[in-house]
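Notes to accompany the following structure.
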Amino acid sequence: MAPSLCFRTFILQFMLLVFSILNTSLQASEPPLTLDYYASACPNLFDIVKKEMECAVLSDPRNAALIVRLHFHDCFVQGCDGSVLLDDTITLTGEKKASPNIHSLKGFRIIDKIKNNLESECPGIVSCADILTIAARDAVILVGGPYWDVPLGRKDSITASPELAEANLPTANEGLATIISKFLYQGLSVTDMVALSGAHTIGMARCANVRARIYGGDFEATSGSNPLSQSYLSSLKSTCPPVGGVGDNNVTAMDYVTPDLFDNSFYHLLLKGEGLLSSDQEMYSSLFGIQTKQLVKQYAADPAAFFQQFSDSMVKLGNITNQDSFATGEVRKSCRFVNT
């Protein structure tokens, strides 16, 4: 006999409680980050990052999403320590070729350019991890999103972990309970998860990650028979062929209404059942998504509430630190390589 909905809901809530307790016990002391960390050593830091990000986003608004994604993928693996930026070498295997990263991460050259300018201005001072964190904040602002203060003082790791990238990073077709558990493991709440997912309002998705949803009947199940939704589905199918391996790297906007504007349109799409990623739509449509559904409704109705929570959650994301990096880390000369 299949377990009842009440029993399954109880199991999910129990799992969340266990992860919350485990995560609380694993949390280290507050990271030694401050807002004025570079005030005297590199006073022009913010202006330099802002200038380069303005150029990058002006040349292509999609660069904003690329930098935000880089920051997220960095922080979920060993904390926000710049490990995602490391290239493979004879002695080090980086994270760039891990399956959640290999086809989705770009924007490395933008960070390289910022780093080169900072090395000219204040050599050996600003870590790549901090550069990426500031750049992500500026990226959001430049496409209409909120401002938040960025605590600084991270060190760059001398290691990377493709294994943790495989294990820790959420993927497009995972269920809601799995996604929530991955956020809880990082010290991020369900509220943080729903708010941070709102960054998909400026994101692009590969056909390989949406094919199962648009051809497997899931999209029609959540969006119903709305003619506008059916038209959108037809457009998606024209971009993404049904055969695996054909057009896998074609991309489509996760928010087709305002793809280059950071707003709350993403949540309106979820209300209509038109979320592009299965993992996103689960936040509203899953039987287990009691709390997530209410948050989706709240952020769709109140853009100011979304902006405030997104800002708060981005600070929490940036504060996921690698305690080892403070003991053994460094300030890299090049973000792609450990110092020799």
- request: Would you sort out whether L66 and N63 count as a side chain to side chain contact (heavy atoms under 4.5 Å, CB included), showing the intermediate values?
  value: CA-CA 5 Å; L66 299 182; N63 283 329; 3.5 Å; yes
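- Residues satisfying the side-chain hydrogen bond (donor to acceptor under 3.5 Å, both in side chains) test with E166, not counting sequence neighbours, are S99.
- D280 places none of its side-chain heavy atoms less than 4.5 Å from the side chain of L276.
- The ring pair (Phe, Tyr, Trp, His ring centres under 6.0 Å) pairs that include a residue from residues 201-229 are F219-Y232, where partners are two or more places apart or lie in different chains.
- Looking at T321 and Q323, their side chains do bring a donor and an acceptor atom within 3.5 Å of each other.
- A donor-acceptor contact shorter than 3.5 Å is absent between the side chain of S286 and the backbone of M283.
- Judged by the 6.0 Å distance and 45° axis criteria, K293 is positioned over the aromatic ring of Y284.
- Once rounded to the nearest 0.5 Å, the distance linking CD1 of I179 with OG1 of T171 reads 6.0 Å.
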- request: Apply side-chain hydrogen bond (donor to acceptor under 3.5 Å, both in side chains) to S265 and D255, showing your working.
  value: CA-CA 7 Å; S265 174; D255 173 3; 3.0 Å; yes
- request: Would you please test R332 and N339 for side-chain hydrogen bond (donor to acceptor under 3.5 Å, both in side chains) and show each step?
  value: CA-CA 6 Å; R332 294 185 205 135; N339 294 340; over 6 Å; no
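- In this structure, the separation between OG on S334 and CG on N116 is 7.5 Å, given to the nearest 0.5 Å.
- When all heavy atoms are compared, the tightest approach of A139 to V68 is CB-CG2, 4.2 Å.
- Looking only at atom types and distance, the side chain of Q78 has a donor-acceptor partner in the side chain of D81 under 3.5 Å away.
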field: Intermediate values then yes/no, side-chain hydrogen bond (donor to acceptor under 3.5 Å, both in side chains), N226 and Q230
entry: CA-CA 6 Å; N226 182 340; Q230 292 301 310; over 6 Å; no
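- With sequence neighbours excluded, the residues satisfying side-chain hydrogen bond (donor to acceptor under 3.5 Å, both in side chains) with D218 are R213.
- Here CG of N209 is found 9.5 Å from NE2 of H103. Values are rounded to the nearest 0.5 Å.
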- request: Report the C-alpha distance between D192 and S313 in whole Å, list the side-chain angles of each, state the deciding distance to 0.1 Å, and finish with yes or no for side-chain hydrogen bond (donor to acceptor under 3.5 Å, both in side chains).
  value: CA-CA 5 Å; D192 294 321; S313 296; 2.6 Å; yes
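- One side chain, T258 or D263, offers a donor N or O that lies under 3.5 Å from an acceptor on the other.
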